[in-house]
Amino acid sequence: KGNLTVIKDRAPTILLLNTGLIQCLNENNEVTKQYFINNGMADIVNDTCFVAAERLIDLQKETAETIEEKAKDNKFYQAALERMKSFKK
């Protein structure tokens, strides 16, 4: 739970991830990619972070409208929609 930042020369680490948001930032701390995941793991080694997740939503490819539509009959999309609303508060 909480935030994790992968920085240069970090010690190798393996972490379990809960359902939530993953953001990729550039050197100016601007968000370049966002994914909503359902449980997974992060393997951080040699200044690279590899993520494996049970399921993910690529927020660059899905619109809020398509996520709302899919949330009508899909529990994963319902959870994503609830979390995304909480991030906007």
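As the structure is a computational prediction, the values presented were derived from the model and not from experiment. Side-chain atoms are counted along with the backbone in the values below, which use heavy atoms only and exclude waters and symmetry mates.
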Student: What pairs with Ala53 under side chain to side chain contact (heavy atoms under 4.5 Å, CB included), at least two apart in sequence or on another chain?
Tutor: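 Expected list: Ile37.
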
Student: To the nearest 0.5 Å, how far apart are CG in Leu16 and CE in Met41?
Tutor: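 It comes to 7.5 Å.
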
Student: Using the rule that two of Ile, Leu, Val, Met, Phe, Trp, Tyr join whenever any of their side-chain heavy atoms come within less than 4.5 Å, decide whether Ile57 and Leu21 are in one cluster.
Tutor: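 Both belong to a single hydrophobic cluster.
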
Student: So, do Leu15 and Ile44 sit near enough that their side-chain heavy atoms are less than 4.5 Å apart?
Tutor: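 With C-beta onward as the side chain, the pair touches.
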
Student: Quick one: ring-ring contact (aromatic ring centres under 6.0 Å, His included) partners of Phe76, sequence neighbours excluded?
Tutor: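 With neighbours one apart ignored, the set is Phe36.
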
Student: Considering only residues two or more places apart or on different chains, which pairs with a residue in residues 39-65 satisfy ring-ring contact (aromatic ring centres under 6.0 Å, His included)?
Tutor: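 Sorted pair list comes back empty.
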
Student: Can a donor-acceptor pair be found, under 3.5 Å and without considering hydrogens, that links the side chain of Asn46 to the backbone of Thr48?
Tutor: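 A pair under 3.5 Å: no.
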
Student: Do Tyr35 and Ile67 land in one hydrophobic cluster if side-chain heavy atoms of ILVMFWY residues count as linked below 4.5 Å?
Tutor: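 No, no single cluster joins them.
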
Student: Taking only residues two or more places apart in sequence or in another chain, which ones pass side chain to side chain contact (heavy atoms under 4.5 Å, CB included) with Gln78?
Tutor: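 Result, side chain to side chain contact (heavy atoms under 4.5 Å, CB included) vs Gln78: Ala71, Lys75.
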
Student: Does the side chain of Lys33 come within less than 4.5 Å of Gln23's, by heavy atoms?
Tutor: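 No - every pair of side-chain heavy atoms lies 4.5 Å or more apart.
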
Student: Going by side chain to side chain contact (heavy atoms under 4.5 Å, CB included), name the residues that satisfy it together with Asn26, two or more places apart in sequence or in a different chain.
Tutor: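 Partners of Asn26 under the side chain to side chain contact (heavy atoms under 4.5 Å, CB included) test: Asn28, Glu30, Thr32.
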
Student: Considering the options Glu68, Arg55, Glu62, Glu69, which one meets the side chain to side chain donor-acceptor pair (under 3.5 Å) requirement together with Tyr77?
Tutor: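 Of Glu68, Arg55, Glu62, Glu69, side chain to side chain donor-acceptor pair (under 3.5 Å) with Tyr77 is met by Glu62 alone.
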
Student: What residues, two or more places apart in sequence or in another chain, satisfy side chain to side chain contact (heavy atoms under 4.5 Å, CB included) together with Val51?
Tutor: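 Per chain and number, Val51 pairs via side chain to side chain contact (heavy atoms under 4.5 Å, CB included) with Leu17, Ile22, Ala42, Cys49.
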
